[in-house]
Amino acid sequence: MENKINIVKKELRALKKSSHAVQRIIEIQGVHFKRIRALERLSCDGKAKELIAKEHEIINALRLSEHIEQSENLEKKYMDALNSLCALDKAMMLDCYINGMPYWKIGMTYGFAEEGARKHIEAIIKKIANII
């Protein structure tokens, strides 16, 4: 059982990282798309086209689709288990592993101290490990 709990923790941490990466990549892409639009308005000379091509290379190198796919796969795996939890537990898990909230903020939101939120989430992880 302990091994199963560790697997759930590992996968939920991967989900948290992947979800955060998706959010950040979308923000970064927005900046690069703005640069491209600005370059397109400036001129159509060779230097502008070269810079636009570099911006597109950067956007493609961010691999947004790979991060989204990883997040979706992990979300699908755990969504049934999350839906079987009570509303408070589900909300705390979503805030922690999908929205990436730190424990102190989760504690403030739901009326726990930081350590209390951490322990409550640990207990929820054990519930999820039993469900899966």
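- Closest approach of V8 to I128, counting heavy atoms only: CG1-CG2, 4.1 Å.
- In this structure, E122 CD and K127 NZ are separated by 13.0 Å, a value rounded to the nearest 0.5 Å.
- A salt bridge links K54 with E50: the closest approach of a Lys/Arg side-chain nitrogen to an acidic carboxylate oxygen falls below 4.0 angstrom.
- Between L62 and H67, the shortest heavy-atom distance links the atoms O-CD2, 3.8 Å.
- Around NZ of K4, the count of heavy atoms belonging to other residues, nucleotides or ligands within 6.0 Å exceeds 12.
- Using a 4.0 Å cut-off between a side-chain N of Lys or Arg and a carboxylate O of Asp or Glu, K105 and E114 do not qualify as a salt bridge.
- By the 6.0 Å contact criterion, CE on M108 is open, its count of non-hydrogen atoms from other residues, nucleotides or ligands being 12 or less.
- Counting only heavy atoms from C-beta outward, the side chains of I58 and I28 never approach each other to under 4.5 Å.
- The minimum heavy-atom distance linking Q23 with I98 is given by the pair NE2-O, 4.1 Å.
- One hydrophobic cluster, built from ILVMFWY side chains closer than 4.5 Å, holds both I5 and L74.
- Between E72 and K76, no side-chain nitrogen of the basic residue sits less than 4.0 Å from a carboxylate oxygen of the acidic one, so the salt-bridge criterion is not met.
- With hydrophobic clusters built from ILVMFWY side chains whose heavy atoms lie under 4.5 angstrom apart, L64 does not share a cluster with L15.
- In this structure, CG on N99 lies 9.0 Å from CD1 on I106, to the nearest 0.5 angstrom.
- Taking each heavy atom of I132 and Y78 in turn, the nearest pair found is CD1-CE2, 3.0 Å.
- Hydrophobic clustering (side-chain heavy atoms under 4.5 Å, transitive across Ile, Leu, Val, Met, Phe, Trp, Tyr) keeps I25 apart from I36.
- Using a 4.5 Å heavy-atom cutoff, the side chains of I121 and Y97 are in contact.
- In terms of hydrophobic clustering, with Ile, Leu, Val, Met, Phe, Trp and Tyr side chains grouped at heavy-atom distances under 4.5 Å, F112 and W104 are assigned to different clusters.
- The structure places CD1 of I26 at 10.5 Å from CZ of F33, a figure rounded to the nearest 0.5 Å.
- The shortest distance between side-chain heavy atoms of I52 and H56 falls below 4.5 Å.
- Between M93 and L12, the closest heavy-atom pair is CE-CD1, 3.6 Å.
- No chain of hydrophobic side-chain contacts below 4.5 Å, direct or via other Ile, Leu, Val, Met, Phe, Trp or Tyr residues, connects M101 to V22.
- Atoms CD and CD, on E11 and Q70 in that order, are 10.0 Å from each other to the nearest 0.5 Å.
- Environment of NZ in K16: crowded, with over 12 heavy atoms of neighbouring residues, nucleotides or ligands closer than 6.0 Å.
- Nearest heavy-atom pair across A117 and Y103 is CB-O, 3.7 Å.
- Within the model, atoms CD of E55 and CD1 of I59 stand 6.5 Å from one another, a figure rounded to the nearest 0.5 Å.
- With rounding to the nearest 0.5 angstrom, the CD atom of E115 is 13.5 Å from the NE2 atom of H120.
- K77 places none of its side-chain heavy atoms less than 4.5 Å from the side chain of N73.
- S19 is listed as a side-chain neighbour of E75, based on a closest heavy-atom distance under 4.5 Å.
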